[in-house]
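These notes concern the structure reproduced below.
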Amino acid sequence: MHDIKYIRDNFENFKKKISKRNNTTKIDNILDLDKKNRKLIQDKENLEKEKKNISKSKDEKMFLKSKEISSSIKKLSDEQIKIKTELENLLSSIPNIPHNDVPDGSNEKDNKIIETKGNLQKKNFKEKSHFELGEKLGMLDFDLASKTTGSRFVFVKDKLAMLERALSNFMLDIHTLENGYREISPPLIASESTMYGTGQLPKFENDQFEIKLEINDGRKFLIPTAEVILTNMVKNQILKQSDLPIRLVASTPCFRKEAGSYGKDTKGMIRQHQFYKVELVSIVEPENCSEELERMTNCATMILDKLKLPYRKIILCSGDMGFSAEKTYDIEVWLPSEQKYREISSCSSCGTFQSRRMNSKYKNSKNENVFTGTLNGSGLAIGRTLISIIENYQTEDGSINIPDALRPYMNNIDKILPISS
RNA sequence: GGAGAGAUGGCUGAGCGGUUGAAAGCACCGGUCUUGAAAACCGGCAAAGGGGCAACUCUUUCCUGGGUUCGAAUCCCAGUCUCUCCGCCA
């Protein structure tokens with residue numbers, strides 16, 4: 001959600017910055033709606049004052065007049081609410097303003113590589129894809145999933161299932177013990193207002209799995225990421241300055257419809273309707289957002305360093321960022337079978353964009369209630385980490401070595417062999 | 001699924017038709033005292049929105065939405081949420 005006062009005072013600048021984003025909402029009539037809205041408020045308030053005075057005076061001769069005023073107020077108020085709703089709907093579907101650090105650009109081709117790390121060791125055999133390896137091991141079963149459920153789901157079995165669980169524990173341990181995050185095991189279902197708070201609604205309803213609890217219950221959705229539920233923990237709250245920063249981590253399943261990516265990554269478990277992800281969320285004083293984003297991104301890359309997986313860090317251009325983000329770093333891991341880097345984490349600062357939607361504030365050092373800053377990042381996507389380990393640690397015979405850092409989480413085995421052997 | 005109870009400022013909690021935006025306490029901020037701290041005492045302290053360069057001022061808000069009334073935190077209706085007890089259950 002945007003600050004209407006800021007837009008009012010900086011409209012041209014606002015318009016220019018939003019035009020750099022992938023935005024489909026028409027913004028030209030914002031000022032007009034704002035003007036109408038304020039005019040109606042003023043007219044309404046004048047009448048309200050008059051009415052108040054009559055009732056205070058207890059002058060019976062004026063009682064009839066007061067009744068008339070009431071109906072005029074009702075009319076004005078209805079009109080004002082209509083305009084205000086229109087304005088709010090408009091504002092709530094405009095993406096966040098890009099941070100000054102963000103490079104201009106229209107799509108992923110304009111993202112900038114910031115750093116590349118790790119060795120792309122050349123193997124003396126042709127590297128296989130994770131799904132080929134996983135199916136050969138008998139531990140990834142896509143056919144079975146399509147039988148029980150449908151496409152874009154997978155059964156992970158045996159040692160790969162254990163590896164998936166190990167990754168979750170490994171990441172949680174690092175973020176809680178080394179990086180100072182508080183571990184949360186949250187609900188996986190979010191209410192409509194929660195989904196609105198982080199920006200999934202109203203614009204991206206098509207990507208969400210809506211579920212039915214009871215007929216008269218409010219709308220509920222499976223979380224597409226733990227960001228939604230963790231960030232909203234501070235919804236409708238005024239925090240103390242000493243509460244900040246709040247750093248939260250959760251390992252949860254995530255559910256996405258992936259509407260609009262038909263035909264994309266249909267093979268393998270790169271893009272699934274359901275996947276595990278370890279998510280980091282920070283609630284901070286807004287002036288600390290940039291600093292916190294660097295810190296958070298380092299917390300994410302730290303995992304890849306420990307797993308000795310090659311990766312690169314990029315900054316997304318204005319046209320490629322998510323709706324709520326003002327600045328985003330993507331971390332991409334090397335996938336030998338594709339000879340490409342693929343996204344494994346995305347770390348974003350949202351500034352006060354989400355906290356305005358959530359109404360999340362804190363008392364600053366001047367004792368004023370101001371909106372908090374929110375950040376979120378994957379640390380990391382478990383499914384994709386699993387893929388990258390399978391592919392990067394494969395051997396010629398099709399078995400998978402276990403990275404040293406994970407062995408304590410894998411009963412100290414050093415290798416995953418096919419089931420038959 | 002059955003039976004009750006409740007929802008008031010950051011928190012606890014009074015008020016149950018007319019200077020009540022709301023007592024009191026806690027928390028918080030400022031001051032006096034103290035070598036420093038604590039204690040004690042004094043003072044301040046809800047939010048949102050509109051107008052104004054500003055000092056300031058106006059409006060709204062006591063869960064939400066309707067209704068009664070000149071006037072509602074207070075009365076009536078509907079809904080939401082929370083809690084307790086019983087049943088069922090991971």
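In what follows, chains carry the letters A, B, and so on, assigned in the order in which the sequence lines appear, proteins first and then strands, with residues in each chain numbered from 1. Here the structure is a predicted model, which means the values were calculated and not measured.
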Legend entry - Whole-angstrom distance between B:U59 and B:A22, as gauged at atom P: 13 Å
Legend entry - B:G4: pairing nucleotide in any strand, Watson-Crick or G-U under 3.5 angstrom: B:C83
Inset, instruction - Provide the distance between the two P atoms, one in B:A39 and one in B:C28, to the nearest whole Å. - result: 10 Å
Inset, instruction - In whole angstrom, give the distance that lies between atom CD1 of A:I73 and atom C1' of B:G50. - result: 15 Å
Inset, instruction - Decide yes or no for A:F255 and A:Q208: does some side-chain heavy atom of the first lie under 4.5 Å from some side-chain heavy atom of the second? - result: no
Legend entry - Which nucleotide in B:A47, B:G71, B:G50 has an atom nearest any side-chain atom of A:R8: B:G50
Legend entry - Side chain of A:Q42 (C-beta onward), nearest among B:G71, B:G50, B:C58: B:G50
Inset, instruction - Would you mind reading off the distance between A:E48 atom CD and B:A72 atom P, rounded to a whole angstrom? - result: 12 Å
Inset, instruction - For B:G36 and B:A14, measure between their P atoms and round to the nearest Å. - result: 41 Å
Inset, instruction - Quick one: look up who B:A54 pairs with, Watson-Crick or G-U, both distances under 3.5 Å, and put none if it's unpaired. - result: none
Inset, instruction - Report yes if a side-chain nitrogen or oxygen of A:K84 is closer than 4.0 Å to either non-bridging phosphate oxygen (OP1 or OP2) of B:U60; otherwise report no. - result: no
Inset, instruction - Could you give the distance separating B:C42 and B:A27 at their P atoms, to the nearest angstrom? - result: 15 Å
Inset, instruction - Measure the distance from CD1 on A:I54 to C1' on B:C70 and round it to the nearest whole Å. - result: 8 Å
Legend entry - Main-chain N/O of A:V284 paired to A:S282 side chain as donor or acceptor, under 3.5 Å: no
Legend entry - Distance below 4.0 Å between A:R38 side-chain N/O and B:G49 OP1 or OP2: no
Legend entry - Integer angstrom distance from the C1' of B:C41 to that of B:C33: 9 Å
Inset, instruction - Nearest whole angstrom, please: distance from the C1' of B:G49 to the CG of A:L87. - result: 13 Å
Inset, instruction - Respond yes when some side-chain nitrogen or oxygen of A:N369 is under 4.0 Å from OP1 or OP2 of B:A46, and no when none is. - result: no
Inset, instruction - Classify the nucleic acid contact of A:K56 as base, sugar-phosphate or nothing, counting any heavy atom under 4.0 Å across all strands shown. - result: nothing
Inset, instruction - Using Watson-Crick or G-U wobble geometry with both distances below 3.5 Å, tell me the partner of B:A27, or none. - result: none
Legend entry - Pairing nucleotide - B:C33, Watson-Crick or G-U, each distance under 3.5 Å: none
Legend entry - Rounded interatomic separation in angstrom, taking CD from A:E45 and P from B:G52: 13 Å
Legend entry - Parallel, tilted or perpendicular: rings of A:F209 and A:H273 (30°, 60°): perpendicular
Legend entry - Complement of B:C62, any strand, by Watson-Crick or G-U distances under 3.5 angstrom: none
Inset, instruction - Would you mind classifying the nucleic acid contact of A:K65 as base, sugar-phosphate or nothing, using non-hydrogen atoms under 4.0 angstrom? - result: nothing
Legend entry - Rounded interatomic separation in angstrom, taking NZ from A:K49 and C1' from B:C58: 6 Å
Legend entry - A:L40 CG to B:G51 P, straight-line distance once rounded to whole Å: 13 Å
Inset, instruction - Salt-bridge test for A:R38 and A:E45: reply yes if a basic N is under 4.0 Å from a carboxylate O, no otherwise. - result: no
Inset, instruction - Rounded off to whole Å, could you give me the CD-to-C1' distance for the A:Q237 and B:G9 pair? - result: 15 Å
Legend entry - Interatomic distance at C1', B:G9 relative to B:C26, whole Å: 13 Å
Inset, instruction - Indicate, with a heavy-atom threshold strictly under 4.0 Å, whether A:R356 touches base, sugar-phosphate, or nothing. - result: nothing
Inset, instruction - Return yes if some donor-acceptor pair links the side-chain N/O of A:T149 with the main-chain N/O of A:S146 below 3.5 Å, else return no. - result: no
Inset, instruction - Among B:A47, B:G71, B:G50, find the nucleotide with the atom closest to the side chain of A:I41. - result: B:G50
Legend entry - Side chain proximity check, A:T225 to A:R256, heavy atoms < 4.5 angstrom: yes
Legend entry - Check: A:R21 side chain, A:G322 main-chain N or O, donor-acceptor pair, under 3.5 Å: yes
Legend entry - Between B:C81 and B:G65 - C1' atom distance, rounded Å: 15 Å
Inset, instruction - With heavy atoms under 4.0 Å as the rule, sort A:K44 into base, sugar-phosphate or nothing. - result: nothing
Legend entry - Contact nearer the 5' end of RNA chain B, comparing A:S55 with A:K52: A:S55
Legend entry - Gap in Å between the two C1' atoms, one belonging to B:C88 and one to B:G2, rounded: 12 Å
Inset, instruction - Consider the side chain of A:K361, meaning its heavy atoms from C-beta on, and name the nucleotide among B:C70, B:A47, B:C58 that approaches it most closely. - result: B:A47
Legend entry - Earlier contact from the 5' end, RNA chain B, for A:S70 and A:K74: A:K74
Legend entry - Backbone N/O of A:L144 and side chain of A:D141: donor-acceptor pair under 3.5 Å: yes
